[in-house]
Amino acid sequence: MRQFMTALALVAACSMAAVTTTGAQAKPAKAAAKTAVATHSTTGTVKSIDSNTLVISRPGKKGGDMTFSVNGSTQKDGTVGVGSNVTVRYQNEGKMMVATAISAEDAAVQLAYASNVVVVPGYGMAVAQAQHQVRELAELIEKRGGEVRYAIHPVAGRMPGHMNVLLAEANIPYDKLYDMDEINGDLSRADVALIIGANDVVNPAARTDPTSPIYGMPILNVDEAKSVIVLKRGMSVGFAGIDNMLFYQPRTRMLFGDAKASLVKLVTEIKALS
Ligand code: NAP
């Protein structure tokens, strides 16, 4: 049944606690995926939706045109407005993977109370032109007593020095920018690694998967941070065209949406915390 698109199921979770307990999660996750596969049609169209279950079709293993449906309303990848604290479960190449979304409100609380935040900008920040909102968010965290540093991968973005140029344009102090080699040994101390539109440069497959096309490429080891929040629009791949297991690790939360729009929400939420 290779022509059938890989089925994906999103199971809306009522609370974050329900989706973060790894041991208790394993069995429900399997059950959800089986349901999704069983309800998948020959054309890959979403067939079965109820208020708690979202079934997704995903053509090809590279995750191109992902479509999904929320309560019967079909949407395209890039508009994942499925609300807060949603668990994403799908089967891809026989593997079970779980990515968990977070609301801007919950992400803001996490950032507001973090002492050590590392921002990782990538191509998506450039696309969204979100550098000014990055600075605004960082200043709010700093005012609350947190430290914010920026981890710069040498090939982040699409041209050499791309991230440095954008961050400088937003008047982010240069001494807060750290090269990959300078910060990698320290990432395990970060309370939050905040990934803003980066993908390939934080893909742990470069370290762990000898079959990956990026195996051996030095990456920012954000998977070692205490928690990870990823700002991107959906589950699309980056330049290298490969999936990223970082997005499915238990300590990672996905804040879906355009990076600038998400940062504006984070800033608003943190200001509201006073
Ligand atoms: P990346 O792997 O290309 O990923 C960028 C991510 O940004 C995408 O997965 C995309 O996901 C997200 N995105 C796009 N628009 C967005 C928006 N408006 N808001 C939020 N997210 C958005 O980027 P990277 O981690 O920076 O890695 C750079 C890649 O480019 C590397 O593979 C590198 O080798 C290659 N490259 C670099 C250079 C250079 O000189 N720097 C030159 C050529 C190639 P969604 O679509 O799901 O949002």
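All values below were derived from every heavy atom in this structure, side-chain atoms included, with hydrogens, water molecules and symmetry-related copies excluded.
In this structure, Ile183 CD1 and Ile152 CD1 are separated by 8.5 Å, a value rounded to the nearest 0.5 Å.
Side-chain contact between Tyr150 and Val118: absent, with no pair of heavy atoms (C-beta onward) separated by less than 4.5 Å. With a 4.5 Å cut-off on side-chain heavy atoms, Ile229 and Leu231 count as touching. Here the side chains of His153 and Val120 are not in contact, with every heavy-atom distance at 4.5 Å or above. Within the 4.5 Å cutoff, the side chain of Val230 has no heavy atoms near those of the Leu255 side chain. Side-chain contact between Pro154 and Asp179 is absent, with no heavy atoms from C-beta onward closer than 4.5 Å.
Looking at Asn116 and Asp191, their side chains never bring a donor and an acceptor atom within 3.5 Å of each other.
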Would Arg253 and Asp106 count as a salt bridge (Lys or Arg N to Asp or Glu O under 4.0 Å) if you check the C-alpha gap in whole Å, the side-chain angles of each, and the deciding distance to 0.1 Å? CA-CA 10 Å; Arg253 295 289 174 271; Asp106 289 346; over 6 Å; no
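Taking the charged nitrogens against the carboxylate oxygens, Glu269 and Lys265 have no contact shorter than 4.0 Å, which rules out a salt bridge. Taking 4.0 Å as the cut-off between side-chain N and carboxylate O, Glu136 and Lys271 count as a salt-bridged pair. A salt bridge between Glu142 and Lys176 is present, with a side-chain N of the basic residue lying under 4.0 Å from a carboxylate O of the acidic one. Using a cut-off of 4.0 Å between Lys/Arg side-chain N and Asp/Glu carboxylate O, Arg207 and Asp223 are scored as salt-bridged.
Under the side chain to side chain donor-acceptor pair (under 3.5 Å) criterion, Ser227 pairs with Gln110, not counting sequence neighbours.
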Show me, pair by pair, the donor-acceptor contacts under 3.5 angstrom made by side chains of residues 161-170, not counting sequence neighbours?
residue : atom : partner : partner atom : Å
His162  : ND1  : Arg158  : N            : 2.9
Glu169  : OE2  : Gln131  : NE2          : 3.1
Glu169  : OE2  : His132  : NE2          : 3.4

